[in-house]
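Written below as structure tokens is the structure these notes are about.
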Amino acid sequence: MPLRDVEGQGRAIEALLRALRGGRLHHAYLFAGPDGVGKGLTAWATAQALLCTQPRDDGDACAACAACLRVAERQHPDLHVVERLEKSGGGLERSIKIDQVRALQRALSFKSFEGARRVVLILEPESMNPSTANALLKTLEEPGPGTHFVLVCASPQLLLPTILSRCQRVQFAPLTRELVQRHLAAQAGLDADAAALLAGLAEGSIGKGLVLVKSDVLAQREALIARVDDPEGLRHVPALLDLAEQLAKAKDDLPLVFHLLRTWYRDLLLVQNGLPIEALVHRDLAANLQQRATQLRPQDVMARIDLINETEDALARMANTRLSLETMLLRLVGAAPRRLSA
Ligand SMILES: [Zn+2]
């Protein structure tokens, strides 16, 4: 896929095309931004543009020459990809290994095969341990003529400062909800309502949306919200204690549970401030939101959002999961100290 076909990242793409047109490409780029917004696609497209033998006037790849096709098939001899390897038992290794970086260094010590340029894509460089990162740093410092690096990274704060300082950063923004919705509908075969809900929860990431498609938590969304945000929530206390126990055992689901609750209360605030239904994540439950918005004061809604955030932070600091969840759920329905009204 050439750069012109990458959707939703106009600023990043235009900056890269400008550099390609002017022949002023930096020797190392860091593509930074959330997962699932097009950093990887753009990295492959940049490799194609660099290795294309018949580039267009705008600097982009032709997407038709032999070099372009070989990049698309990962078969180009001057394209080196360093990424977490597959484990023999399935799944990926936790990190890029130092042997992979050494193999790259050996490959780069030879002349390029086809032309003046070589491209190295490093996916998830933040997974490297410090000694591997230091080995990579040597290569970044002495890249050799015509060698271009693209580091694709969702968490640049985890990279060594010495690596960061050698890269030109290109920031990738979250995608618009409309774009995510369109891709989810097409890629996962969802109807418009389901795609709209998931796009609202996906925080601008097609990748995150595709993970959500497979989640069971979403099917329980209405039941979860009905229990947790009920003016007569005290009657649910036994059920909420059961829920805390279940959730404590299914830790992988917790980020989505927090996210569902947080977006629910954020929607309530939006309704209270008169924003249109289209702005809501849970727009399919707009009638419930509108009714609830008349029952809670905005400061009570904000206190609930704070409570959800505080609980999530506490769990990140290894607090007792079940106890923290019980406390949060009981406080949300007003059945525990630091009572929230209604
Ligand atoms: Zn080409």
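Sequential numbering from 1 along the given sequence is applied to the chain's residues. Just so we're clear, the structure is a prediction, and the values are computed from it rather than from any experiment.
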Salt bridge flag under 4.0 Å for residues E278 and R283
no
Salt bridge present between D230 and R235 (N-O < 4.0 angstrom)
yes
How many angstroms lie between atom CD of E310 and atom CG of L315, to the nearest 0.5 angstrom?
12.0 Å
NZ/NE/NH1/NH2 to OD/OE distance under 4.0 Å, R221 and D284:
yes
Tightest non-hydrogen contact, residues A188 and V213, listed as CB-CG2, 4.0 Å
Go through the steps to decide whether L307 and Y265 satisfy the test side chain to side chain contact (heavy atoms under 4.5 Å, CB included), and finish with yes or no.
CA-CA 11 Å; L307 175 59; Y265 287 108; over 6 Å; no
Would you find a donor on one side and an acceptor on the other, under 3.5 Å apart, between the side chain of E126 and the backbone of A154?
yes
If I take atom CG from residue L275 and atom CD from residue Q272, how far apart are they, to the nearest 0.5 angstrom?
11.5 Å
Count the heavy atoms belonging to other residues, nucleotides or ligands that lie under 6.0 Å from CD of E86, then report whether that count exceeds 12.
no
Is there a donor-acceptor pair closer than 3.5 Å between any side-chain N or O of T132 and the backbone N or O of M128?
no
Is it true that a side-chain atom of R84 and a backbone atom of E93 form a donor plus acceptor pair closer than 3.5 Å?
yes
Looking at every heavy atom in both V271 and Q290, which two are closest together, and how far apart are they?
CG1-CG, 3.9 Å
Output, in order, the C-alpha distance, side-chain angles, deciding distance and verdict of side chain to side chain contact (heavy atoms under 4.5 Å, CB included) for L325 and F258.
CA-CA 10 Å; L325 290 170; F258 284 116; 4.0 Å; yes
Do L136 and V82 come within less than 4.5 Å of each other through their side chains, counting heavy atoms only?
no
Do NZ/NE/NH1/NH2 and the carboxylate oxygens of E178 and R182 come within less than 4.0 Å?
no
Would S95 and N129 satisfy side chain to side chain contact (heavy atoms under 4.5 Å, CB included), going step by step from the backbone distance to the final call?
CA-CA 7 Å; S95 60; N129 68 28; 5.6 Å; no
Any Lys/Arg nitrogen of D60 or R4 sitting under 4.0 Å from an Asp/Glu carboxylate oxygen of the other?
yes
Would you please indicate yes or no on a ring centroid separation below 6.0 angstrom for Y29 and F149?
no
Is there a continuous path of hydrophobic side-chain contacts, each under 4.5 Å between heavy atoms, that joins L123 to I163?
no
Taken to the nearest 0.5 Å, the spacing of L151 CG from I122 CD1 works out to 4.5 Å
Please determine whether a side-chain nitrogen of the Lys or Arg among R292 and D229 lies less than 4.0 Å from a carboxylate oxygen of the Asp or Glu.
yes
Within the structure provided, determine whether K208 and D35 are in side-chain contact (heavy-atom separation under 4.5 Å).
no
What distance do Q220 atom CD and R227 atom CZ have between them, rounded to the nearest 0.5 Å?
8.5 Å
Any side-chain donor paired with an acceptor under 3.5 Å for H27 and Q168?
no
Are the side chains of L85 and L92 in touch, meaning some heavy atoms are under 4.5 Å apart?
no
Where the side chain of K39 meets the backbone of P34, is there a donor-acceptor pair that is under 3.5 Å apart?
yes
Output the distance between atom CD (Q181) and atom CG (D193), rounded to the nearest 0.5 Å.
9.0 Å
Ignoring hydrogens and angles, tell me if any N or O in the side chain of R118 forms a donor-acceptor pair with the backbone of L108 under 3.5 Å.
yes
Nearest heavy-atom pair of G8 and L179: which atoms, and what distance?
CA-CD2, 3.7 Å
Under the side chain to side chain contact (heavy atoms under 4.5 Å, CB included) rule, what do V120 and V81 come out as? Steps first, then yes or no, please.
CA-CA 6 Å; V120 181; V81 183; over 6 Å; no
Is it true that D58 and R56 have a side-chain N and a carboxylate O under 4.0 angstrom from each other?
yes
Hydrophobic cluster membership, V211 vs L256, 4.5 Å side-chain cutoff
no
Under a 3.5 Å cutoff, is there a donor and acceptor pairing between the side chains of R102 and Q105?
no
Expected output: side-chain Q75 to main-chain R70 donor-acceptor under 3.5 Å
no
Please check this pair: side chain of R117 against backbone of L50, looking for a donor-acceptor N/O pair closer than 3.5 Å.
yes
Salt bridge check, K138 against E142: does any charged N sit closer than 4.0 Å to a carboxylate O?
no
Same cluster or not: are V71 and V119 linked, directly or through other Ile, Leu, Val, Met, Phe, Trp or Tyr residues, by side-chain heavy atoms under 4.5 angstrom apart?
yes
Name the residue from M1, E7, Q9 that meets the side-chain contact (heavy atoms from CB on, under 4.5 Å) definition with L41.
M1
With a 4.5 Å limit on heavy-atom distance, are the side chains of R169 and P156 in contact?
yes
Could you tell me if the side chain of W264 sits less than 4.5 Å from the side chain of L289, heavy atoms only?
yes
Do V301 and L261 share a hydrophobic cluster, counting only Ile, Leu, Val, Met, Phe, Trp and Tyr and linking them when any side-chain heavy atoms are less than 4.5 Å apart?
yes
Step by step, work out the salt bridge (Lys or Arg N to Asp or Glu O under 4.0 Å) result for E83 and R74.
CA-CA 13 Å; E83 61 190 328; R74 287 184 77 142; 2.7 Å; yes
More than 12 non-hydrogen atoms from neighbouring residues, nucleotides or ligands closer than 6.0 Å to CG on D252, yes or no?
no
Give a yes or no on whether the backbone of L212 and the side-chain of S215 come within a donor-acceptor separation of less than 3.5 Å.
no
Counting N and O atoms only, with roles assigned by atom type, does the side chain of R166 sit under 3.5 Å from a partner on the main chain of T162, one being a donor and the other an acceptor?
yes
Under a 4.5 Å cut-off applied to non-hydrogen side-chain atoms, are L210 and Q187 in contact?
yes
Can you check salt bridge (Lys or Arg N to Asp or Glu O under 4.0 Å) on R322 and E326, steps first, answer last?
CA-CA 6 Å; R322 183 172 159 188; E326 278 180 5; 3.3 Å; yes
Same cluster for V152 and L137 if Ile/Leu/Val/Met/Phe/Trp/Tyr side chains link at under 4.5 Å?
no
How long is the straight-line distance from CG of L197 back to CG of L280, given to the nearest 0.5 Å?
11.5 Å
Do we see a donor-acceptor contact under 3.5 Å between the side chains of N134 and S131?
no
Can you tell if the side chain of T46 reaches within under 4.5 Å of the side chain of L121, non-hydrogen atoms only?
no
Has the side chain of H148 got a donor or acceptor atom that lies under 3.5 Å from a matching backbone atom of H26?
yes
I206 side chain reached by V37 side chain, heavy atoms, under 4.5 Å
no
